[in-house]
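Everything on this sheet refers to the single structure shown next.
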2 protein chains.
Amino acid sequence: MATLSDVAAEAGVSPTAVSRYLNNRIDLPQATRDRIDAAIAKLDYRPNLLARRLSTGKSEAFALVTPDIANPFFAELAAAVERQAHANGYSVYITSTGGHADAEMNAIRRMADSHVDGLIMTTNRVDDGSLANLLAGRENVVLLDEDIDGVSVPRVFVDNAEGTYLAAKHLIAMGHRDIALIGGPHRLMSVNERLAGFTRAMDEAGLPVRPGWVLLGDYTRDYGVAAASVLLDAVDPPTAILACSDYIAIGVMQVVREHGLSIPNDISLVGFDDMAFAALVDPPLTTIRQPVAAMGELAVKHLLALLEGQTPAAETRLPVELVTRQSVAPPSRKALK
Amino acid sequence: MATLSDVAAEAGVSPTAVSRYLNNRIDLPQATRDRIDAAIAKLDYRPNLLARRLSTGKSEAFALVTPDIANPFFAELAAAVERQAHANGYSVYITSTGGHADAEMNAIRRMADSHVDGLIMTTNRVDDGSLANLLAGRENVVLLDEDIDGVSVPRVFVDNAEGTYLAAKHLIAMGHRDIALIGGPHRLMSVNERLAGFTRAMDEAGLPVRPGWVLLGDYTRDYGVAAASVLLDAVDPPTAILACSDYIAIGVMQVVREHGLSIPNDISLVGFDDMAFAALVDPPLTTIRQPVAAMGELAVKHLLALLEGQTPAAETRLPVELVTRQSVAPPSRKALK
DNA sequence: AATCGCTAGTAAAGCGCTTTACATGTTAAT
DNA sequence: ATTAACATGTAAAGCGCTTTACTAGCGATT
């Protein structure tokens, strides 16, 4: 690989001149410019980014740490982040952590060691303080999708409470009174909020939130299966289930089918996320759409703002929306007693 | 950030000693080691990877360039690559290109400029030679999933022909004779091969491959819609469709439903890929499973082998398998005439 | 004639690390 | 007593770039 000095020698100037020319920090006469350009072309010179980064302390790159890139939600988030970053001349380095604490810490450290200009952090765990600690001293961090307690950096979230509120209102409007909620991990911000939105809708309708019908565990299909089994094996199952993720909803669907019941005739179901598959399952899933692309974009914008020394909003809530498909119907006469 | 010299000063030794100690290139007495360890802990020292990489010329990182990280197929591939790379102490930098030629070239160049140790390349286009050109001089490259003509690096593919062969055999065994194939972009390796496998199965069964029933376009849902419309609007539609990707299959499903027909009663359908949603759609999709995790792992292993100066197999074909679900049934009596 | 200001650059230090080659003091062998 | 070998390090160069501070030469001004 040709180096800057090679180019300089070839063009008969000093490396300084070439460097400054390439970075638009000097005005050179046309003849000199031509010689440098010719040298670059001849030697097929490309600047060594490592060296440049070491020298300038800037990398023109962001890190995105994410629990699981194979999860379409995070994959789409990643795609949005990348798109927006590229549009602004930044690369992004994606790491997935498997949602494991050590891996998250390692990823953050490793990214810091590589001296990226900023970090977009997504997690799906509730932190025991170690993450908060690690993030505490750092600049140019933004939190996306899920909170980490005690970290005071710009945060970009979705209006979780509004989502479940809309979903529950929809179920109630269809005539349901016996509504269960299946949520993610206890104490996770999004879970708290989604529970709160659900509770508010129920309260407003004068409906009770039965403790046995609030099941908190994981945003996974497996947990959907487990929770739905509990609900459907009870003597008086709910007529509707509000699943706090589409993955949970899929699990619920499976159990409902295994019980010889049908959605939406016997049980109504609302999901959360509006993942690509939500429209494809049987029946197509009514769900709450998260503005994934907007989330990713905004996170990048905040990072860019931080780099410019600005102070973006401490917390932004992006709006969600109810997407009506075919997994919700009025409760069956039998269920209405 | 503390530097190596800071640590050295704190420990009362030379930077050389610290560096060599950290890299296990020197035997120091316990007392000295303790002093260095203490200094590192006290200053919270972490080596600057940029500097290390610039100095050693090694980055302990791979690049993975991929058309679209939001596509679950590539996302899972990426996850597998990452897992395997991490297990061997390597980071991986993922870039998605949107399947656009310029973006692919830029990504490759950019990664090269960042001096990664190796590159895993996936594409979904047929190359006009520019990619091949760009890749020609480079070492430590492996091609994954799809070929690029004229690039002589280790390649890891799936047994595409075997996949469609199995799928077609399955349909034929169920009694179908009128089978159409919807494939990806003309001239893409996987498309050629999948068509070949299909043709072989049909030939072996003495069945004709009707030109009007081989539709090549894109591996997307949209193309599935377009192609299925053509097939179903014809006077004598096929009784079975072999979709060369699950995305295509989804599009087919939609069109079949819109025509008031049912899968598998009126039309049988086989997909290709076995994406996560294949089991979730209605009806669950019979499809060809690609060993995505194995593909990612093998690509990394090949890269590691290259780095060790070994010469991995020029081309590896990973086996596919037929996953039988509920989108295939014998042709209806009517269709059998 | 001396000074100023401009053009067209350059020398050298530094980013933080690795690595080669060498140095010093001590112990063991002859 | 001398030498060799070993233990315990260190000095300095180099990775490829950027950046600060400087300079040589020239024409214009006073």
Side-chain donor or acceptor of A:N23 paired with backbone N/O of A:R25 under 3.5 Å: no
- prompt: Whole-Å distance between D:dG16 P and A:R53 CZ?
  reply: 16 Å
message: If I take atom CG in residue B:D6 and atom C1' in nucleotide C:dC15, what distance separates them, rounded to the nearest angstrom?
response: 13 Å
message: Can a side-chain donor-acceptor contact be found between A:T32 and A:Y21 if the only test is distance below 3.5 angstrom?
response: no
task: Mind running a 4.0 Å heavy-atom check of residues 25-48 of chain A against DNA chain C and sending the residues that fall below it, in number order?
output: A:I26, A:L28, A:P29, A:T32
Under 3.5 Å between N/O atoms: give me all the protein pairs with nucleotides 11-14 of chain C, atom names plus distance.
from, atom 1, to, atom 2, distance (Å)
C:dA11, N7, A:T16, OG1, 3.4
C:dA11, N6, A:T16, OG1, 3.1
C:dA12, N6, A:T16, OG1, 3.3
C:dG14, N2, A:S55, OG, 3.1

- prompt: Is there a donor in the side chain of A:E146 and an acceptor in the side chain of A:S190, or the other way round, less than 3.5 Å apart?
  reply: yes
query: Hey, are the side chains of B:V116 and B:N140 touching, using non-hydrogen atoms and a 4.5 Å cut-off?
result: no
query: Heavy atoms, side chains only, cut-off 4.5 Å: are A:L131 and A:M121 in contact?
result: yes
task: Could you please name the option among C:dT18, D:dG16, C:dT10 that lies closest to any side-chain atom of B:R52?
output: C:dT18
- request: Kindly calculate the angle separating the two end axes of the helix from C:dA1-D:dT30 to C:dT30-D:dA1, each obtained from five base pairs, and round it to 10 degrees.
  value: 70°
query: Under 4.0 Å: is that the gap between some side-chain N or O of A:S19 and OP1 or OP2 of D:dT18?
result: yes
field: Side chain of A:L4 (C-beta onward), nearest among D:dC17, D:dG16, C:dC17
entry: D:dC17
- prompt: If you pin A:V18 and B:G12 to their nearest nucleotides in DNA chain D, which one's is more 5'?
  reply: B:G12
message: Using only atom types and a distance under 3.5 Å, with no angle test, would you say the side chain of A:T66 pairs donor to acceptor with the backbone of A:D68?
response: no
query: Picking from D:dT19, D:dC17, C:dT18, which would you name as closest to the side chain of A:T56?
result: D:dT19
- request: State, with a plain yes or no, whether a side-chain heavy atom of B:N106 is found less than 4.5 Å away from one of B:R110.
  value: no
- request: Rounded off to whole Å, could you give me the CG-to-C1' distance for the B:L22 and C:dG16 pair?
  value: 13 Å
- prompt: So, for B:E297 and B:Q84, which heavy atoms are closest and what is the spacing to 0.1 Å?
  reply: CG-OE1, 3.3 Å
message: If we count only N and O atoms by modelled type, under 3.5 Å, do the side chains of B:Y93 and A:S91 hold a donor and an acceptor together?
response: no
- prompt: Which whole-number value in Å describes the distance from A:L49 CG to D:dT18 C1'?
  reply: 14 Å
query: Do A:T316 side-chain atoms and A:V156 backbone N/O form a donor-acceptor pair below 3.5 Å?
result: no
- request: Could you tell me the separation between the CD atom of A:E60 and the P atom of D:dC17, rounded to a whole number of Å?
  value: 16 Å
- request: For the pair B:R317 and B:E315, find out whether any cationic side-chain nitrogen is under 4.0 Å from an anionic carboxylate oxygen.
  value: yes
- prompt: Quick one: on DNA chain C, does B:A17 or B:L54 contact a more 5' nucleotide (nearest heavy atom)?
  reply: B:L54
